Structure formats: structure tokens, C-alpha cells
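Every chain is numbered from 1, with letters handed out A, B, ... down the list of sequences. All values reported here derive from a predicted model rather than from experimental measurement.
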2 protein chains.
Amino acid sequence: MRILVCRCSIGYAGRLTTRLASGDRVLLFKDDGAVCIHARAGAKPINYMPGPTVVREEDGVIRVTRPSSGESLTILVEAVYDDRSMELEDEARLEREGRELQLHERLVRQPDVIELGLVVVERERRTDVGPVDLWCRDADGCLVLVEVKRIQAVAAAVEQVERYREQALRDPSCDTVRAIVAAPDFAPQARALAEARGVELVRIDVQALFELADAELTLFS
Amino acid sequence: MRILVCRCSIGYAGRLTTRLASGDRVLLFKDDGAVCIHARAGAKPINYMPGPTVVREEDGVIRVTRPSSGESLTILVEAVYDDRSMELEDEARLEREGRELQLHERLVRQPDVIELGLVVVERERRTDVGPVDLWCRDADGCLVLVEVKRIQAVAAAVEQVERYREQALRDPSCDTVRAIVAAPDFAPQARALAEARGVELVRIDVQALFELADAELTLFS
DNA sequence: ATATACATGTCGAGG
DNA sequence: CCTCGACGTGTATAT
């Protein structure tokens, strides 16, 4: 990785056009061709380019191009404060706990938090309008489609599960199909739409669900 | 800004929990309290924390906390390769040009690229279920709702415009409402859903649209 | 390679 | 403050 600290001005041309006047920044040229330009403040880079890229430098002008998309970044270097390249060794992968997929797994183990007697038949069941998070049967044997959201569910989630239900209803063997959105919270428009469409909203306590599952793991280990 | 290049392992606890095993990384501690940790590859930081934060360091352990949200980042520094703080001066602001809004403007000027005889009555017309990109009338005077996508349209875009249509149909003065998604490309699921819902898909050549408008500008200037 | 959905998404506009 | 949709979204995963 090359770390270049310099005064520069930057132009980007691609999905849109941006222009950044002269200022001091930190430029990271990464091993996979990614380029990341950080200003003195802000969590996000002010300009960037994902790898792979072609980087050419001549007379204080660095030109980064991405052949796959035709995007380009042009950096006019006006003063170099520091310029160093270092070999960074890193085999680690970021491990995440609490993603939506893990939430699915917990719900498969604890379907009762959605509804008593619910049984998850299949997870991520594919349809041609998208995958159904949890394909279930309720206590009466009725088909239940559950859309799971890790964070607050918005109207789109209600539409999504309604789309799956419509698809399922095309199958003549399905006469009644219930649709549920399971989330820790619901936006007002989601509530309104759910009401209009007959989609059920089930609040789940994600925190408790994870703690519950953890406790169970502890018990069995 | 402090630039710390080191071998470290990192833990994040907040909206979820992450764990990153030992490896070499570049850590940026910015003037506004933001912290940005970059691995050797990838356009995005592998860990981060937006400012303002509280940073405490003791015995090779850096603890970053965000009082407003209770999130925390714990960095165990195992070997320091470089550690420097620099004053960066930067008054510049990023200037952007060419967002979806501009595409809307072009379409308002050239509605024929969507459909011959189409007239845009209103742009970004607000409804209870969200803003309609282009509120139009076709050659027969029929109401037409157009959702514009700068890039490939996915199923959600079809649902979006369908939602607007349903809302419009509540008005008894609207007996027929057409719904169009205008985009340079369409995902297969978008096509499937559009077919099922009777939403029309219109491919627009964004490149040509901009060139056309530019040529017109040139003529009139 | 393409298609799809997640994300500590982040960000900004409008009510 | 909340809600919503765009984003130069980037990134991983499954087909």
C-alpha cells in the first residue's frame, strides 16, 4: 500500500462528474488497485475508486482509470508532504455477528417468537420474483411467508412479501397464504400499507432473540 | 490527522458485533473525531467510526467510543510501523454534477424518448406514498406515472411506481392510470414483476439523451 | 460472469 | 426529529 499525503486537486468522471479544489489530503493506493482519498474530516473518503484500476503518474499528475467501467480519477499533486509504500500483511477476515442471515438462523431455531406453533419449512426459498426469507406453515397448516428485517421495516418490505404471496397464490394448491413482516420496528407507511394489503406485522426483539439463542448455546455446550 | 500504520486486532460493538483478527492496517484519526481503518485491499474501510468520538489510548489499546450511540471500537495495537500526526489544510468542497435530477430535467425537455406525445405535467409530485418522478399525460390524455432510474432498474422500482399508481387510482377522477419505469436497463426480476403488474418498461439511452440535449444547448447558445 | 440482496450502509431533502 | 429514497453506493453470495 502506498500512502501519499499531499496538497492536490481532484477530478472524477464516470457515473457523474465531481471536482475538488486544492487542499491537503491522504491518498491510499491499495494492493488490489483500489484508491481511497481522505480529507481531514469525515468518515467517508471524499473520492475513491474500487479496484482493479490502472494507475499512471507523470509530472505530478496521477491518473486512475477503471477499465471495466471507464471511470477515471485525475489527481493534480501540488505539494508532497509524505510518500511511502509499505507491505501490509493481513490474512484476517472481518467476522460479523448480528447480520440478517444470522437473524434468520435464530428465527429458525425460535420460530415461536414470530408466532406460536409456526414451523419453518425452508429458508431463502427461491421464487422468480425473489427469495422468501422464511417459508413456513402455521399451526393450521396454512402457508406463511415471512420477510425478516434486521432494522426498521419500511413500506418496501411489505411490498416485497406481498409480491411473494401473489406469486405463491398462482399455485392452485395454495388457496390461502399469509404474509408476515418480522422486524424490530415498522415505519408508518409500512404500517399503513400492511393494513391495506392484509400483511401481518410482527415485532421481534432482536436483542432478546440473540441473547436467548446465546443462552441456549451456553446450555448445550 | 493522525496516521497510524500498525499490526492490530480490532473489535466493534454497536449496531452489531465484529471481530477482526491480527493484521497490518492503516488507521486514520481525523480532526472531527472520525476514525477510519483501512486494510491492504478494498475500497471501503474495514472498520470505522464517524465523529464525534472519544479516543482513549493506554498500553497499546486504543478505545474509540461514540457517546451519541454507545458504539465502541477497541483496537489492540501489536506493532507500530509508522505513527505521525499532520496538520492538513483543506477548505475545498466537493462539487457534483450529473445526478438523477439532471436526468429528470433532460427527460422533461425530451419526453418523446419515453413515448411520443407524452407531456410532463409535474416533476417530483408528492403523494402520500412518496414522490412521483414524472407526472404525465399521454397523447390520449391518460395519466401516466413515470419512475426514472439512472442505472439498471430492479424489482423495487416496479413496486414503487405501482404503489404510486394504486394511490392515484384512489382518486375517483382517475379511471385509468399507466405506470412506466424508464431506465437504461432492467433486471430480470424487474421484468417479471412488470409483466405481472402491467407496468410498462421503457428503455432510455442515457448517453444519447445527454448528447441530444447538449446538441440542443449548443444550437441555442 | 451475472444477478441479487445486504450494509455498522451513509447522506440529504422534505414534512 | 422522523421518514424516505438516492447513492459514483461497495461487497459478498449464489446461480
Touch check for [X], heavy atoms < 4.0 angstrom, all strands: base, sugar-phosphate only, or nothing?
{"X": "B/R19", "result": "nothing"}
{"X": "B/E147", "result": "sugar-phosphate"}
{"X": "A/M49", "result": "base"}
{"X": "A/P131", "result": "sugar-phosphate"}
{"X": "B/E71", "result": "base"}

Rounding to a whole Å, what distance do you find between [X]:[atom1] and [N]:[atom2]?
{"X": "B/L103", "N": "D/dG8", "atom1": "CG", "atom2": "P", "value": "14 Å"}
{"X": "A/L193", "N": "D/dG5", "atom1": "CG", "atom2": "P", "value": "11 Å"}
{"X": "B/I151", "N": "C/dT4", "atom1": "CD1", "atom2": "C1'", "value": "13 Å"}
{"X": "B/E124", "N": "D/dC4", "atom1": "CD", "atom2": "C1'", "value": "12 Å"}
{"X": "A/Q152", "N": "D/dC2", "atom1": "CD", "atom2": "P", "value": "10 Å"}
{"X": "A/L94", "N": "D/dT13", "atom1": "CG", "atom2": "P", "value": "12 Å"}
{"X": "B/D133", "N": "D/dA6", "atom1": "CG", "atom2": "P", "value": "7 Å"}
{"X": "A/Q160", "N": "D/dG5", "atom1": "CD", "atom2": "P", "value": "14 Å"}

From [options], nucleotide with atom closest to [X] side chain:
{"X": "B/R126", "options": "C/dG14, D/dT11, D/dG8", "answer": "C/dG14"}
{"X": "B/K44", "options": "D/dG10, C/dC6, D/dG8", "answer": "D/dG10"}
{"X": "A/Q189", "options": "C/dG15, D/dT3, C/dT10", "answer": "D/dT3"}
{"X": "B/P188", "options": "D/dC4, C/dA3, D/dA6", "answer": "C/dA3"}
{"X": "B/T18", "options": "C/dA7, D/dG5, C/dT8", "answer": "C/dT8"}
{"X": "A/R15", "options": "C/dT8, D/dG8, C/dT4", "answer": "D/dG8"}
{"X": "B/R96", "options": "C/dT10, C/dT4, D/dG8", "answer": "D/dG8"}

Is any side-chain N of the basic residue among [X] and [Y] closer than 4.0 Å to the acidic one's carboxylate O?
{"X": "B/R203", "Y": "B/D185", "answer": "no"}
{"X": "A/R7", "Y": "A/D24", "answer": "yes"}
{"X": "A/R2", "Y": "A/E57", "answer": "yes"}
{"X": "A/R197", "Y": "B/E166", "answer": "yes"}
{"X": "B/D133", "Y": "B/R123", "answer": "no"}
{"X": "A/E95", "Y": "B/R19", "answer": "no"}

Taking for A/Y12 and for A/A187 the nucleotide of DNA chain D with the nearest heavy atom, the one nearer the 5' end belongs to A/A187
Is any side-chain N or O of [X] closer than 4.0 Å to OP1 or OP2 of [N]?
{"X": "A/Y48", "N": "D/dG10", "result": "yes"}
{"X": "B/R163", "N": "D/dG5", "result": "yes"}
{"X": "B/K149", "N": "D/dA6", "result": "yes"}

Rounding to an integer number of angstrom, what distance separates C/dT4 and C/dT8 when you compare their P atoms? 22 Å
Item checked: Distance between C1' atoms of D/dG10 and D/dA6 (Å, rounded) -> 15 Å
Heavy-atom nearest pair, B/A168 first then B/W135, reads CB-CH2, 4.5 Å
Note: for B/I46 and A/G42 on DNA chain C, the residue whose nearest nucleotide lies more 5' is B/I46
